[in-house]
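Positions are given from 1 along the sequence.
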Amino acid sequence: MTRHLPRFALLAACLLLPGAVLADDDSGMTCADCHDIDRKAFEQSVHGGFDCTDCHVDAVPLPHDEDMPPVDCSVCHEDIVAETKASIHGTVEVSNGVHTPRCLTCHGDIHVLVPTSDPSSPVNPRNQARTCGSCHANPEMLNRSGVRAIRPIEAYEQSVHARALAEGEAAASCSSCHTSHSIRPSSDPKSSVNRHNVSSTCGTCHADIARQYDRSIHGKALAGGVNDSPTCIDCHGEHRILAPTNPGSPVYATNIPLQTCGRCHGNLRLGAKYGLPTDKVPSYADSYHGLASRSGIQTVANCASCHGVHDILPSSNPESHTNPANLAHTCGQCHPGAGTRFAIGPVHVVASEAEGTIAFWVRAIYLPLIFVVVGGMLVHNLLDFVKKARARRPRPTLPPGSRVQLRMPLGFRVAHMMVMVSFTLLVYSGFALKFPESWWAKPLLLWEEGLGFRGLLHRVMGVVLILATLFHIVHVAAVRDARSRILGMIPKLSDARELGARLAYYVGLRNDPPHAPKLGYIEKSEYLAFMWGTVLMAVTGLLLWFENWTLTNLPGWTPELATAYSRAYNRWIV
């Protein structure tokens with residue numbers, strides 16, 4: 001046979017001469033005289049019916065030159081070779097010791113070539129990552145060729161696709177996305193991984209999802225030439241595609257708002273370019289849902305819960321999940337009775353901008369009030385510290401034989417201890433919930449592991465604080481001495497006079513400090529402020545904890561009010 005025979009003649013000869021792996025001529029020499037080829041393995045390969053000279057056409061007649069050109073696979077695989085030559089593998093520049101990949105680079109030894117379906121084949125889906133990785137996971141080769149080393153193979157091996165293949169299931173391999181031979185750079189419009197072709201490429205396995213995406217606002221925008229519009233890889237990743245239940249996945253419930261959707265909808269440049277509102281992400285982050293999501297709770301609503309996952313449509317579309325006619329069903333998935341038993345309030349409300357809302361007025365009134373109260377306390381205590389530091393009075397000593405009298409009875413000490421422990425941990429866990437990226441949240445994050453430990457600790461300490469308050473109330477009601485002490489906490493005109501005299505002493509307008517009664521304005525203000533703050537924290541916390549009961553039985557602005565209180569307090573601290 002020669003390479004000039006038509007293909008059908010070549011195939012016919014293979015059928016007539018099965019196993020003719022040895023060539024001969026008038027010299028009496030055979031290929032086996034010089035070449036040690038495993039004849040049994042060759043006969044079992046996909047080329048087992050071929051004669052040696054079917055591929056090594058330049059080996060006729062014998063003996064032949066040792067330096068012969070490589071085998072031309074296009075004799076049989078003309079279309080595939082043409083695709084490869086047009087691909088990035090066929091057009092890559094040969095320089096710095098980097099060679100253009102050949103057929104054998106991927107398929108292996110031609111003499112033992114087995115079908116792709118064979119588990120031992122280098123291009124079997126389960127082996128493709130290792131085969132492609134011989135180049136694409138080689139940093140030295142990538143650097144010489146100028147290819148950016150992004151460790152695609154290492155990333156792919158962590159993906160759901162690679163793990164499914166390892167378990168014997170059908171899943172995407174390298175060629176599933178990049179094709180087998182017509183591999184082109186993503187910038188090429190003909191590339192299977194070009195932005196405009198990604199959904200159809202993924203759609204070969206995920207057909208229903210691809211159809212939903214193509215109908216969505218993102219799919220239509222991309223088809224219309226908006227290249228910044230997200231496609232599959234922007235949300236799920238390129239090679240390291242993880243399951244939505246994996247905390248490392250961009251589409252993990254608590255990662256969606258800020259890390260996935262927020263990358264575009266919180267981007268000022270894209271907002272200005274396409275007229276996208278930039279208040280959606282921060283308003284969600286400060287909302288009840290956002291605070292709960294940042295605490296690690298996966299069941300709370302995120303962007304996808306309301307807008308959809310792949311079938312995201314503008315709210316003006318009758319099929320949109322956020323269309324006014326569909327909101328009752330959308331919100332009702334988590335809050336039964338939404339739109340019927342209770343009204344659906346506005347969403348994405350920014351407290352500082354939504355004038356006239358309850359959140360706006362809480363911020364406008366309560367934030368300055370906190371500043372005045374807490375700021376005034378800090379100034380007062382600073383003046384007191386400076387005055388006492390300058391006075392340098394000796395510490396009083398008790399006369400010999402005298403007994404120390406406890407300032408508070410046992411009941412008050414128990415309540416104080418419960419309050420000190422619970423309030424401290426409440427503040428700590430609360431800030432860890434509000435600012436999970438901060439360094440003070442890291443110790444609690446070590447305990448998360450799927451359990452919202454910060455939220456759990458916050459709720460437990462809230463219950464302890466409420467129990468401490470109830471214990472205090474019962475103690476005061478049941479014990480006469482305790483009752484008399486608390487009645488002494490009622491403010492009087494003398495407290496104002498004491499405050500004025502003490503401030504005068506602090507700033508040097510009088511020489512001696514005023515007489516300090518057992519229960520002065522300091523004790524009274526601290527006690528009343530604590531009781532007021534405790535009641536407010538307990539009520540708003542319970543309203544947010546049992547949100548369905550709140551929505552069903554109280555006005556629709558109640559959750560907004562409770563959340564606004566939390567925002568005002570946290571923003572003042574920051």
Side-chain angles (χ1 to χ4, degrees), residues 148 150-152 155-156 158-160 177 186-187 193-199 201-202 206 209-210 212-287 289-298 300-315 320-322 347-350 434-438 441 445:
R148 184 162 51 97
I150 55 175
R151 299 183 177 180
Y156 171 79
Q158 300 176 37
S159 70
V160 292
C177 301
S186 59
S187 57
V193 292
N194 180 271
R195 292 190 62 80
H196 294 271
N197 301 327
V198 167
S199 66
T201 297
C202 297
H206 308 284
I209 292 176
Q212 291 179 25
Y213 170 80
D214 290 339
R215 291 182 58 250
S216 73
I217 190 171
H218 293 147
K220 289 182 177 179
L222 185 63
V226 181
N227 291 329
D228 289 317
S229 185
T231 186
C232 312
I233 58 176
D234 294 299
C235 299
H236 294 275
E238 295 176 337
H239 298 97
R240 189 175 176 266
I241 301 175
L242 304 177
T245 55
N246 189 316
S249 171
V251 292
Y252 182 69
T254 57
N255 294 336
I256 288 176
L258 300 181
Q259 298 185 30
T260 301
C261 298
R263 283 196 311 123
C264 295
H265 291 276
N267 187 301
L268 295 177
R269 181 186 66 82
L270 293 180
K273 184 176 181 179
Y274 299 108
L276 301 174
T278 57
D279 61 341
K280 306 306 181 184
V281 175
S283 64
Y284 171 84
D286 282 344
S287 69
H289 292 144
L291 292 173
S293 175
R294 296 177 70 185
S295 73
I297 299 177
Q298 301 177 42
V300 73
N302 56 52
C303 311
S305 306
C306 302
H307 294 275
V309 180
H310 302 100
D311 56 340
I312 302 173
L313 299 170
S315 58
S320 170
H321 299 286
T322 56
V347 294
H348 293 300
V349 175
V350 179
K434 179 67 176 176
F435 308 102
E437 303 84 4
S438 303
L445 293 177

#### Entry: Selection residues 221-232 - residue pairs positive for salt bridge (Lys or Arg N to Asp or Glu O under 4.0 Å), sequence neighbours left out
Asp228-Lys273
### Query
With His196, which residues qualify under side chain to side chain donor-acceptor pair (under 3.5 Å), at least two apart?
Asn227
### Summary
Sorted by chain and residue number, the side chain to side chain donor-acceptor pair (under 3.5 Å) partners of His321 (sequence neighbours excluded) come out as Asp311
### Message
Checking His307 now: which residues fulfil side chain to side chain contact (heavy atoms under 4.5 Å, CB included) with it, not counting sequence neighbours?
### Response
Ile312, Thr322, His348
### Query
If we only count heavy atoms from C-beta on, is the Val251 to Pro244 side-chain gap below 4.5 Å?
yes
### Task
Identify, with sequence neighbours excluded, every residue that meets salt bridge (Lys or Arg N to Asp or Glu O under 4.0 Å) alongside Arg240.
none
### Task
For residues Arg195 and Pro230, report the shortest heavy-atom separation together with the two atoms involved.
NH2-CA, 3.9 Å
### Message
Using modelled atom types and a 3.5 Å cut-off, is there a donor and acceptor pairing between side-chain atoms of Ser249 and backbone atoms of Asn246?
### Response
no
### Task
Using a 4.5 Å cut-off on heavy atoms from C-beta on, say whether the side chain of Thr260 contacts that of Cys235.
yes
#### Entry: Asp234 side, atom CG; Cys261 side, atom SG - distance, nearest 0.5 Å
11.5 Å
### Query
To the nearest 0.5 Å, how far apart are CG in Leu258 and OG in Ser293?
7.5 Å
### Query
Hey, are the side chains of Pro314 and Ser320 touching, using non-hydrogen atoms and a 4.5 Å cut-off?
no
### side chain to side chain contact (heavy atoms under 4.5 Å, CB included) involving Cys232 - partner list, sequence neighbours excluded
Val198, Ser199, Cys202
### Ser229: partners by side chain to side chain contact (heavy atoms under 4.5 Å, CB included), with sequence neighbours left out
His218, Ala221, Leu222, Val226
### Query
How many angstroms lie between atom OH of Tyr284 and atom CG of Asp279, to the nearest 0.5 angstrom?
15.0 Å
### Test log, rule side-chain contact (heavy atoms from CB on, under 4.5 Å), inputs Gln212 and Val309
CA-CA 9 Å; Gln212 291 179 25; Val309 180; over 6 Å; no
### Query
Does any pair with a residue in residues 248-269 pass salt bridge (Lys or Arg N to Asp or Glu O under 4.0 Å), and if so which ones, sequence neighbours excluded?
none
#### Entry: Set of side chain to side chain donor-acceptor pair (under 3.5 Å) partners for Ser305, sequence neighbours left out
Asn302
### Smallest separation among heavy atoms of Asn255 and Pro247, with atom names
ND2-O, 2.9 Å
### Task
Any pair with a residue in residues 214-227 that passes salt bridge (Lys or Arg N to Asp or Glu O under 4.0 Å), sequence neighbours left out, goes on the list, sorted by first then second residue, please.
Arg215-Glu319
### Message
For Ser216 versus His310, what's the shortest heavy-atom pair and its separation?
### Response
CB-O, 3.3 Å
### Message
Going by the rule side chain to side chain contact (heavy atoms under 4.5 Å, CB included), which residues pair with Val160 if we only count those two or more places apart in sequence or in a different chain?
### Response
Ile241, Ala243
### Message
Using side-chain contact (heavy atoms from CB on, under 4.5 Å), reason through Ile233 and Thr231 one step at a time and then give a plain yes or no.
### Response
CA-CA 6 Å; Ile233 58 176; Thr231 186; 3.8 Å; yes
